[in-house]
Amino acid sequence: MVCYGAVIACTLLGGQCMKAIYLLSQPNGSMKLYEFVIIFGFLMLVLAQIPSFHSLRHINLLSLFLCLAYSACAAAASIYIGNSSKGPTKDYGLKGDAESQIFGIFNAIAIIATTYGNGIIPEIQATIAPPVKGKMFKGLCVCYTVLIITFFTVAITGYWAFGNHSEGLLLSNFLDDGNPLVPKWFILMTNFFTILQLSAVGVVYLQPTNEVLERTFADPKSKELSARNVIPRVVSRSLSVVIATTVAAMLPFFGDINAVIGAFGFMPLDFILPVIFFNLTFKPSKRSLVFWLNVSIAVVFSALAIIAAIAAVRQIVLDAKTYRLFANV
């Protein structure tokens, strides 16, 4: 469910990047966001037919370099705009009343959990085959090194340049009423890198859904490329991409979707279940510090997850009132 939520978020973000490229050439163009989400969904539909997770290893490596490239572009553009007279007036104040600010804090915690909770994916993969500890440690070191370099750099430079006017997709800030604040070719290149990387990431996160569906509908006794397995694979994968694309087009609120994934998915996966499983598996003494530390972590983050879930759903309801389904944001 967590991975499928990430597929929805990737599809939406891919559509937003495509729309940004379109607005560069057609500032007054009539195409809507949901149309670009559907176009990106078609790209995902093709890539989703790649047979197995192992087949994606080269795409995954390319995704890493693309992630570093567009993060560097986003940070460089933010610094350029922040130092120029073209940039907006910087305002670092908090928006909304006290209630909105409190719910905003918990909404942000859920988004942070989504951002940094991706480490759970290589951690789960690392436990599939021995040696577990060595592979897991190396994978997590690479994962969090990339996360810290990319997210902190973009977050700090973006907030410094745009303040509380920063969009959920920072690249949207590079256009001011259709007028580019940096050279057009630079915006085009950054969005192109982002689209390629999102298509790669989306296909990777789609694999767990594929495994579940194919375990149900495929025949392990038949060959991988036999008609008995190819037809169910194409149908099930196509259907899962179509559903993800439809949801992304209906609810085009990228930050809100991230918050929902964090509250319902990554917070339990990262902070609650591991400590519970540790106590159940290794059975530390109920008088020990480890046992009560784990219980405390589980209780605190369970409460945080519940409040964050309420905040995330509340924000979607508020945005839905403002924008309606299939909104062109």
Side-chain angles (χ1 to χ4, degrees), residues 4-49 63 66-67 69-71 73-74 77-78 81 86 88 154 158 162 165-203 205-206 237-258 260 315-316 318-329:
Y4 194 67
V7 174
I8 295 172
C10 287
T11 306
L12 171 58
L13 193 52
Q16 289 178 327
C17 291
M18 285 184 170
K19 182 186 174 185
I21 292 174
Y22 171 72
L23 290 176
L24 279 177
S25 58
Q26 300 288 337
N28 299 316
S30 59
M31 289 186 70
K32 309 298 183 185
L33 175 60
Y34 68 85
E35 296 175 84
F36 293 102
V37 172
I38 293 171
I39 292 170
F40 188 84
F42 274 111
L43 173 61
M44 287 283 294
L45 195 63
V46 175
L47 293 175
Q49 308 309 325
S63 168
L66 288 169
C67 176
Y70 77 67
S71 298
C73 290
S78 297
I81 294 169
K86 298 178 182 178
V154 173
F162 304 107
H165 294 290
S166 301
E167 299 285 348
L169 172 59
L170 186 65
L171 304 185
S172 301
N173 286 104
F174 299 166
L175 290 173
D176 182 21
D177 291 329
N179 300 314
L181 301 178
V182 292
K184 285 187 176 182
W185 65 265
F186 191 87
I187 298 177
L188 179 64
M189 178 180 68
T190 306
N191 278 286
F192 184 68
F193 285 160
T194 308
I195 289 168
L196 289 178
Q197 198 264 350
L198 287 169
S199 61
V201 170
V203 173
Y205 274 112
L206 192 61
R237 293 187 181 194
S238 300
L239 186 61
S240 63
V241 171
V242 168
I243 293 172
T245 303
T246 304
V247 173
M250 286 174 61
L251 300 171
F253 317 119
F254 181 64
D256 299 355
I257 289 176
N258 274 331
V260 169
Q315 192 60 47
I316 284 184
L318 290 176
D319 285 342
K321 285 181 180 178
T322 306
Y323 294 116
R324 81 184 184 281
L325 295 178
F326 298 100
N328 184 37
V329 295

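Computed from heavy atoms alone, side chains included, the values below leave out hydrogens, waters and symmetry copies.
In this structure, the side chains of Leu66 and Leu198 stay at 4.5 Å or more apart for every pair of heavy atoms.
Heavy-atom minimum distance, Val7 versus Gly202: CG2-O, 3.6 Å. In terms of heavy atoms, Ala77 sits closest to Phe186 at CB-CE2, 3.6 Å. The heavy-atom pair separating Phe40 from Cys10 by the smallest distance is CE2-O, 3.7 Å. Here the closest heavy-atom approach between residue Ile187 and residue Pro180 is recorded as CD1-CB, 3.8 Å. Taking all atoms of both residues into account, the shortest heavy-atom contact from Arg237 to Gln49 is NH1-C, 3.7 Å. Nearest heavy-atom pair, Ser63 versus Ala200, reported as atom, atom and distance to 0.1 Å: CB-CB, 3.8 Å.
Proximity of a side-chain donor or acceptor of Asn173 to a complementary backbone N or O of His165 within less than 3.5 Å is detected. Between the side chain of Glu35 and the backbone N or O of Lys32 there is at least one donor-acceptor pair closer than 3.5 Å. Between the side chain of Tyr4 and the backbone N or O of Ala244 there is at least one donor-acceptor pair closer than 3.5 Å.
For the atom pair Leu47 CG and Leu206 CG, the distance stands at 10.0 Å (nearest 0.5 Å). For the atom pair CG (Leu181) and CZ (Phe162), the distance works out to 6.5 Å, reported to the nearest 0.5 Å. Here OG1 of Thr246 is found 9.5 Å from CD1 of Ile8. Values are rounded to the nearest 0.5 Å.
With a 6.0 Å radius and a threshold of 12 heavy atoms from other residues, nucleotides or ligands, Phe192 has its CZ atom at or below the threshold.
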